[in-house]
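Right, one structure below, let's go through it.
These numbers come from the heavy atoms of this one structure, side chains and all, not from hydrogens, waters or symmetry mates.
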Amino acid sequence: MSEPLGVAVLGAGHMGADHVRRLARSVAGARVAAVADPDRARAQAAVAGLDGVRVHADAHAAIAEPGVQAVLVASPDHAHEEALLAALARGLPVLCEKPLAADAEAALRVVEAEARGGRRLIQVGFMRRYDAEYRRLKALLDSGGLGRPLMLHCRHRNVSSPPHFTSAMLISSSVSHEIDAARWLLGQEITAVTVARPRPSSGAPAGLLDPQLVLFETEDGALVDVEIFVNCGFGYEVACEAVCENGSARIGDEAAMVVRSAGRAQQEIAQDYVVRFADAYDREVREWVAGTRAGRVTGPSAWDGYAAAAVAEAGARALGDGARVTVDLAERPALYG
């Protein structure tokens with residue numbers, strides 16, 4: 001393919017606009033061909049200064065544009081399934097921001113639709129797989145140098161939660177990244193979830209169970225614990241320590257700028273995920289564009305999106321009554337290995 005890949009971006013909110021900027025300025029071999037958002041003014045603002053971009057209020061119209069060869073889904077969760085099925089029907093490759101769909105049942109329908117087509121077209125936007133630190137940890141674990149992984153200790157903190165956040169969304173929206181990262185790092189499915197609830201922080205909105213401690217069990221007997229604290233107040237922090245038979249390795253303590261002045265030292269802390277994972281997002285989209293132009297899909301699959309949704313739903317049930325909840329996955333189609 002010699003011409004730039006024409007991409008339709010669905011959704012012009014925070015992530016959609018960021019991806020429009022990325023495709024236009026940071027990714028070689030691609031161009032924004034169309035943008036769809038029910039708020040046309042927001043869509044127009046996202047593509048201001050870009051030539052040749054068609055703006056639509058309807059996702060189907062954007063997908064059907066003659067110059068569209070691939071789709072990037074950054075619309076609200078409830079709109080993902082319809083957009084993905086429309087793209088699959090047209091044989092278009094897709095990068096879909098997580099979650100794959102609004103719930104596990106919808107995600108499974110997407111998996112089954114892709115499997116019926118006989119080839120992978122969907123990549124799910126679990127950007128941590130593209131972060132340099134996470135990739136180094138994955139390579140180290142895969143090398144076997146530290147022996148079998150026994151435990152992962154994970155930390156996920158946000159400055160504050162959006163107004164619409166619910167207690168279950170701490171797992172489905174935030175811990176979903178740890179779900180995918182754990183499955184990827186360990187190469188194992190998660191089989192059970194338990195959620196412990198300390199007393200809520202005084203910084204959390206009324207009624208929000210924040211923080212939480214989530215425990216995952218895997219099919220090979222590893223344990224993964226996740227501290228999720230979405231109203232910590234001071235910054236955005238993500239860290240992971242792998243404890244193995246012959247040693248351990250920790251990521252997330254990357255060097256940041258330290259300013260020394262007036263008798264004190266201050267270290268910067270990222271304030272949101274777009275800052276912390278900026279390089280990972282760039283790498284994710286670059287690799288997706290390069291793979292799409294070469295006719296292949298190599299990133300997190302629709303099955304990965306479904307599995308994350310199924311684990312998150314088990315976690316939501318565990319949060320409700322504090323019981324250990326097993327994860328029941330559908331049969332994995334041969335398409336996903």
_Other ILVMFWY residues reachable from Leu140 by side-chain steps of under 4.5 Å_ = Leu146
To check you understand the geometry: which heavy-atom pair defines the closest contact between [X] and [Y], and what is its length?
| X | Y | result |
| --- | --- | --- |
| Leu185 | Cys240 | CD1-SG, 4.1 Å |
| Ser26 | Arg21 | OG-NH1, 3.7 Å |
| Val7 | Ala30 | CG2-CB, 4.5 Å |
| Ser173 | Ser176 | O-OG, 3.2 Å |
| Ala222 | Pro149 | CB-O, 4.2 Å |
| Ala12 | Val35 | CB-CG1, 4.2 Å |

Can [X] and [Y] be counted as an ion pair, charged N to O under 4.0 angstrom?
| X | Y | result |
| --- | --- | --- |
| Asp321 | Arg317 | no |
| Arg276 | Glu133 | yes |
| Asp142 | Lys138 | yes |

Does the side chain of [X] reach to within under 4.5 Å of the side chain of [Y], using non-hydrogen atoms?
| X | Y | result |
| --- | --- | --- |
| Met169 | His164 | yes |
| Leu23 | Val289 | yes |
| Pro99 | Ser172 | no |
| Val311 | Val327 | yes |
| Gln123 | Pro300 | yes |
| Val226 | Ile171 | no |
| Leu208 | Leu170 | yes |
| Leu223 | Asp225 | no |

Report the residues that fulfil side chain to side chain donor-acceptor pair (under 3.5 Å) with [X], sequence neighbours left out, ordered by chain and then residue number.
| X | answer |
| --- | --- |
| Glu114 | Tyr336 |
| Glu65 | His56 |
| Arg135 | Glu287 |
| His156 | Arg128, Asn158, Glu178 |

*Which residue pairs pass the ring-ring contact (aromatic ring centres under 6.0 Å, His included) test when at least one of the two sits in residues 189-218, sequence neighbours left out?*
none
*Pairs involving residues 99-150, ordered by first then second residue, that meet ring-ring contact (aromatic ring centres under 6.0 Å, His included) (sequence neighbours left out)*: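 ring-ring contact (aromatic ring centres under 6.0 Å, His included) check on residues 99-150 returns no pairs.
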Would [X] and [Y] show up in the same hydrophobic cluster when neighbours are defined by side-chain heavy atoms closer than 4.5 Å?
| X | Y | result |
| --- | --- | --- |
| Phe165 | Leu319 | yes |
| Val175 | Leu215 | no |
| Leu72 | Val297 | no |
| Val193 | Ile228 | yes |
| Leu108 | Ile190 | yes |

Once salt bridge (charged side-chain N to carboxylate O under 4.0 Å, His left out) is applied, what residue pairs with a partner in [range] remain, sequence neighbours excluded?
| range | value |
| --- | --- |
| residues 325-337 | Glu189-Arg332 |
| residues 198-210 | none |
| residues 27-40 | Asp37-Arg42 |
| residues 226-244 | Arg155-Glu237, Arg157-Glu227, Arg157-Glu237 |

_So for atom CZ, which belongs to Arg250, do other residues, nucleotides or ligands contribute more than 12 heavy atoms lying within a distance under 6.0 Å?_
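Count not over threshold, so no.
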*Take Asp220 and Leu186, measure what side chain to side chain contact (heavy atoms under 4.5 Å, CB included) needs, and give me the verdict at the end.*
CA-CA 9 Å; Asp220 196 35; Leu186 299 174; over 6 Å; no
If you round to the nearest 0.5 Å, how far is [atom2] of [Y] from [atom1] of [X]?
| X | Y | atom1 | atom2 | result |
| --- | --- | --- | --- | --- |
| Arg129 | Trp184 | CZ | CH2 | 7.0 Å |
| Leu95 | Met127 | CG | CE | 12.0 Å |
| Leu141 | Leu152 | CG | CG | 7.5 Å |
| Ser174 | Phe229 | OG | CZ | 12.5 Å |
| Ile63 | Leu10 | CD1 | CG | 5.0 Å |
| Glu97 | His19 | CD | NE2 | 3.5 Å |

_Go through it in stages, so that I can follow the logic: the residues are Val124 and Asp304, the test is side chain to side chain contact (heavy atoms under 4.5 Å, CB included), and I'd like the CA-CA distance, side-chain angles, deciding distance and then a yes or no._
CA-CA 8 Å; Val124 182; Asp304 294 317; 5.7 Å; no
Backbone N or O of [Y] within a donor-acceptor pair of the [X] side chain at under 3.5 Å?
| X | Y | result |
| --- | --- | --- |
| Arg120 | Ile122 | yes |
| Glu217 | Thr191 | no |
| Gln212 | Ser167 | yes |
| Gln271 | Phe234 | yes |
| Asp131 | Ala280 | no |
| Arg119 | Arg296 | no |
| Glu245 | Arg148 | yes |

*Taking only residues two or more places apart in sequence or in another chain, which ones pass ring pair (Phe, Tyr, Trp, His ring centres under 6.0 Å) with Trp303?*
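Tyr306.
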*Do His60 and Glu82 pass the side-chain hydrogen bond (donor to acceptor under 3.5 Å, both in side chains) test, and can you show the C-alpha distance, the side-chain angles, and the key distance before you say yes or no?*
CA-CA 9 Å; His60 289 274; Glu82 183 178 354; 2.7 Å; yes
